[in-house]
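Note that the structure is predicted; figures quoted are calculated from it, not measured. The first residue of the sequence shown is numbered 1, and numbering continues consecutively from there.
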Amino acid sequence: MSSVKVAVRVRPFNSREICRESKCIIEMSGATTAIVNPKVPPNSSEAVKRFNFDYSYWSHNPKDEDFSTQEMVYKDIGEEMLQHSFDGYNVCIFAYGQTGAGKSYTMMGKQEEHQEGIIPMICKDLFNRIHDTETDELKYSVEVSYMEIYCERVRDLLNPKNKGNLRVREHPLLGPYVEDLSKLAVTDYQDIHDLIDEGNKARTVAATNMNETSSRSHAVFTIFFTQRRHDTMTDLTTEKVSKISLVDLAGSERADSTGAKGTRLKEGANINKSLTTLGKVISALAEISASKQKKSKKADFIPYRDSVLTWLLRENLGGNSKTAMIAAISPADINYDETLSTLRYADRAKQIVCKAVVNEDANAKLIRELKEEIQKLRDLLKAEGIEVQEGPDGKVVCEKRDPNKDEINNKVIGNSGNMKSPSKTRNRNGSTAEMAVDQLQASEKLIAELNETWEEKLKRTEEIRLQREAVFAEMGVAVKEDGITVGVFSPKKTPHLVNLNEDPNLSECLLYYIKDGITRLGTHEANVPQDIQLSGSHILKEHCTFESRNSVVTLIPHKDALVYLNGRKLVDPEVLKTGSRVILGKNHVFRFTNPDQARELREKITDNAENENEKCDTQQVDWNFAQCELLEKQGIDLKAEMKKRLDVLEEQYKREKLQADQEFEEQRKSYEARIDALQKQVEEQSMTMSMYSSYSPEDFHQEEDIFTNPLYESCWTAREAGLAAWAFRKWRYHQFTSLRDDLWGNAIFLKEANAISVELKKKVQFQFTLLTDTLYSPLPPELASSLSKIVQNFWTIVLGDKRIL
Ligand code: ADP
Ligand code: MG
């Protein structure tokens, strides 16, 4: 029983963090990692959180004394794990962390000296130890597989025949495994190195063509390591088998589905079901070890089956394995939340306890058990009346005799579908026999694989290599040059394109040569065979051609093809300069190198003739550079486009404004004319009124008299005359009412009454109160009612009319 070993590693600032003047919020001391919360005051209790791990690697600044190099990480974790595998245990190292935190750097590293990661170093060391210790009595064999899990689908990175989705099965003896995943025999480190390289190429091609981002996929590199010891005395052979699983997980930023907001993020969380489930599995396992008594009961509730990754790594998570986890973190304050979440994740993983056992004689035992199982399945099928035979292609063919028709029904059970355990494969109409045949076929395949001799394995590996290279050659990807593997860093004489990818580990791993004369680029569906075959969004069957004459390469875009040169859309042919960025379609980004030109340029640069457009500092020209440049150039085009649109709008605005002004002016004039007319009318009316105001009411004994007045006849309509009559009646009724005069007249008495009140110290103040329908008082309502009554008693002015005029 041993706990999962957990290490944390902090990387240097990346360019984005430097640009944003980020602060380092990680501190390490011994095996402890502390994270400072940049959002709270430094002295508060919440400011620093500390975590203890097995290792805390300070890889932030190479100048620091306690800087941890790739070798140091390997020495602690890699060497220990390798020793476990020599002892016959299964081992697993997985790297966890947000995208760009340094998972791939730690696991795979770079090709340059001292930059290689754990995977190549383990492989190197493995073969060093093999070569040092191999004897006639002790033989080793190493096989590898390399797969990628993307959206719960398994892709074989080493065998081009295994296109797309491989089925994840569960075998009663073997447990979960990927059916048909190629396991290739390797004899030395170079073999593994080439396989990793070609696997990464396959991963890059698939990711680019399908516009996938590698940050969402898990890369699982597995080494099957077998040691055979032959005892000459007893003539007995014992075997130890170890499976070394090296896992570069998808970016953890999408793992937390609960925190995901918006459809895009939710989709991300769904895509990374494997990572979400890994979190749940780790939490469940940590809980179990925290409460050991409930162990056996709770074990059933670990959701291994919920994702492909956790299902395949079941043994490595709390099972038969020695497991280590490396949590990669960013040092920057801007990543505080993600980093804290990674540290918490790692903290939980610490609690997982594994029960590793030495896998001694595992293969022999498995072969024996598989043989027994096959016999059982055959018997079962026989009992169902099914004859089992081997088909010409090695597939199990079952023949069922239909008793009614006496016909023979042949059935070959295919291997389609994904992640189906036998019980799930069974549909409503599916028979036990069908399942048994399926299982039989799987077992036969496994036993055939186990019985394969080393020579056969090597032969098969070589066949697959040739197929792989044929596929790459057809796509125009250079794999070998003069018999040696083409690395992007190895010197080349021919002009070429090298791929750029968002993921630095997938960048610069595909090389396309531009041969002398014409090199065609398009899809595999084109009528004329294309030398460079791409696929995916916006790649035309015949997309563009490269013409190379006397070391001058011209890029000729085809009609309607999306071709960008240094961020600018290309319509006409143009000569490529070394260091140029070429973007084809939506996803394919390349850097062009012309070795002759590059050499000349280097000489020129040493003569101090640097030119911005002739960038030959290839290190700087990465995917980001090309994308920024594209955006910038397109941005400028956009600006021009926007300016054009603005000009049109301005023109339109001016036109409309002029029109509106004219309309306004006309309207103004018409209103003025109407106002004049009205004014005239008012004047006329007021004249008439003033004429009538000189009459005394007595002059109108009969109301209607005035309306018979010839003055009105000329200018009033019947309605106006009606209104005038109504107004006249009203005004006549009020003609002798003059409240103001009354008030003023009586004000002197009010004043006197108040004076008497003061003199008599009555503390009473008097004021006028109007007793009308609409009682008005300057006092607040509560006082107004009571006071008005007192006033009423003392002094009341009753007006003839209740209305105020
Ligand atoms: P991930 O795989 O987690 O997305 P990478 O391993 O690709 O991240 O790292 C992102 C970038 O940071 C790469 O360019 C890598 O070279 C660099 N990097 C990461 N870790 C380190 C380190 N410890 N030292 C130096 N560079 C590092
Ligand atoms: Mg990575």
Side-chain angles (χ1 to χ4, degrees), residues 5-20 22-28 31 33-35 51 53-64 66-78 93-112 114-122 196 200 203 213-221 246-255 275 324-346 349 501-508 622-624:
K5 278 251 152 67
V6 179
V8 166
R9 186 180 199 193
V10 63
R11 62 154 169 75
F13 282 134
N14 62 25
S15 52
R16 189 171 148 262
E17 290 160 348
I18 293 169
C19 269
R20 293 179 64 176
S22 300
K23 295 198 174 45
C24 178
I25 51 160
I26 301 298
E27 290 160 14
M28 283 178 176
T33 298
I35 180 166
F51 299 88
F53 298 107
D54 292 291
Y55 305 101
S56 286
Y57 293 113
W58 182 257
S59 299
H60 182 53
N61 187 352
K63 287 182 190 142
D64 290 341
D66 47 357
F67 180 79
S68 298
T69 59
Q70 293 280 64
E71 274 95 351
M72 284 155 89
V73 177
Y74 173 70
K75 282 241 171 297
D76 287 336
I77 297 171
I93 306 176
F94 63 95
Y96 183 90
Q98 84 181 102
T99 301
K103 298 180 294 295
S104 307
Y105 182 80
T106 300
M107 295 305 283
M108 213 50 109
K110 292 184 184 172
Q111 303 236 356
E112 290 100 320
H114 304 302
Q115 301 258 350
E116 285 178 323
I118 288 178
I119 296 179
M121 279 198 264
I122 277 197
I196 291 175
N200 285 342
R203 197 177 173 204
T213 133
S214 62
S215 63
R216 284 184 183 173
S217 69
H218 312 274
V220 184
F221 186 76
L246 304 162
V247 188
D248 186 355
L249 292 172
S252 60
E253 62 278 3
R254 289 164 225 265
L275 208 57
M325 168 185 173
I326 303 172
I329 56 171
S330 147
D333 48 0
I334 49 173
N335 291 318
Y336 172 76
D337 292 328
E338 275 304 333
T339 305
L340 181 63
S341 135
T342 302
L343 290 173
R344 289 200 168 126
Y345 205 94
N501 193 288
E502 192 178 3
D503 186 338
N505 291 82
L506 303 187
S507 210
E508 306 187 19
D622 59 4
W623 189 87
N624 268 334

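- The heavy-atom pair separating Ser59 from Ser68 by the smallest distance is OG-O, 2.8 Å.
- Looking only at distances, a side-chain donor or acceptor of Asp333 sits under 3.5 Å from a matching main-chain atom of Lys23.
- In this structure, the separation between CE on Met28 and OG1 on Thr33 is 3.5 Å, given to the nearest 0.5 Å.
- Asn505 and Gly109 get closest at one heavy-atom pair: ND2-O, 3.8 Å.
- How far CD1 of Ile26 is from CG of Leu343: 5.5 Å, rounded to the nearest 0.5 Å.
- Put simply, the side chain of Phe51 reaches to within 4.5 Å of the side chain of Leu340, judged on heavy atoms.
- A donor-acceptor pair under 3.5 Å is absent between the side-chain atoms of Lys103 and the main chain of Ala95, judged by distance alone.
- Counting heavy atoms from C-beta on, the side chains of Ile77 and Lys5 never come closer than 4.5 Å.
- Within the 4.5 Å cutoff, the side chain of Asn335 has heavy atoms near those of the Gln98 side chain.
- Although no hydrogens or angles enter the test, the distance criterion places no donor-acceptor pair under 3.5 Å between the side chain of Ser56 and the main chain of Val8.
- Aromatic ring pairs are classed by plane angle as parallel below 30°, tilted from 30° to 60° and perpendicular above 60°; the pair His60 and Trp58 is perpendicular.
- Counting heavy atoms from C-beta on, the side chains of Ile334 and Arg16 come closer than 4.5 Å.
- Of the N and O atoms on the side chains of Ser330 and Glu17, at least one donor lies less than 3.5 Å from an acceptor on the other residue.
- Expressed to the nearest 0.5 Å, how far CG of Asn61 lies from CZ of Phe13 amounts to 9.5 Å.
- With rounding to the nearest 0.5 Å, the separation of CZ in Arg216 from CG in Leu275 is 12.5 Å.
- Between Asp54 and Val6, the closest heavy-atom pair is OD2-N, 2.7 Å.
- The side-chain heavy atoms of Trp623 and Asp503, taken from C-beta on, include no pair separated by under 4.5 Å.
- Within the 4.5 Å cutoff, the side chain of Tyr105 has heavy atoms near those of the Gln115 side chain.
- Closest approach of Ala346 to Phe53, counting heavy atoms only: CB-CE2, 3.5 Å.
- Atom OG in Ser104 sits 9.0 Å away from atom CG in Asn200 (nearest 0.5 Å).
- In this structure, the side chain of Ser341 does not engage the main chain of Asp337 through any donor-acceptor pair within 3.5 Å.
- Within the 4.5 Å cutoff, the side chain of Tyr55 has no heavy atoms near those of the Val73 side chain.
- In terms of heavy atoms, Tyr57 sits closest to Ala7 at CE1-CB, 3.7 Å.
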TODO: Would you sort out whether Ile35 and Ile329 count as a side-chain contact (heavy atoms from CB on, under 4.5 Å), showing the intermediate values?
DONE: CA-CA 11 Å; Ile35 180 166; Ile329 56 171; over 6 Å; no

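- Between Phe94 and Leu249, the shortest heavy-atom contact is CD1-CD1, 3.6 Å.
- Side chains of His114 and Glu71: a donor-acceptor N/O pair is present below 3.5 angstrom, by distance only.
- Between Asp248 and Ile119 the shortest side-chain heavy-atom distance does not fall below 4.5 Å.
- Remark: the Glu253 side chain and the Thr99 side chain contain an N/O donor-acceptor pair separated by less than 3.5 Å.
- Atom CD of Gln70 sits about 6.0 Å away from atom OG1 of Thr106, to the nearest 0.5 Å.
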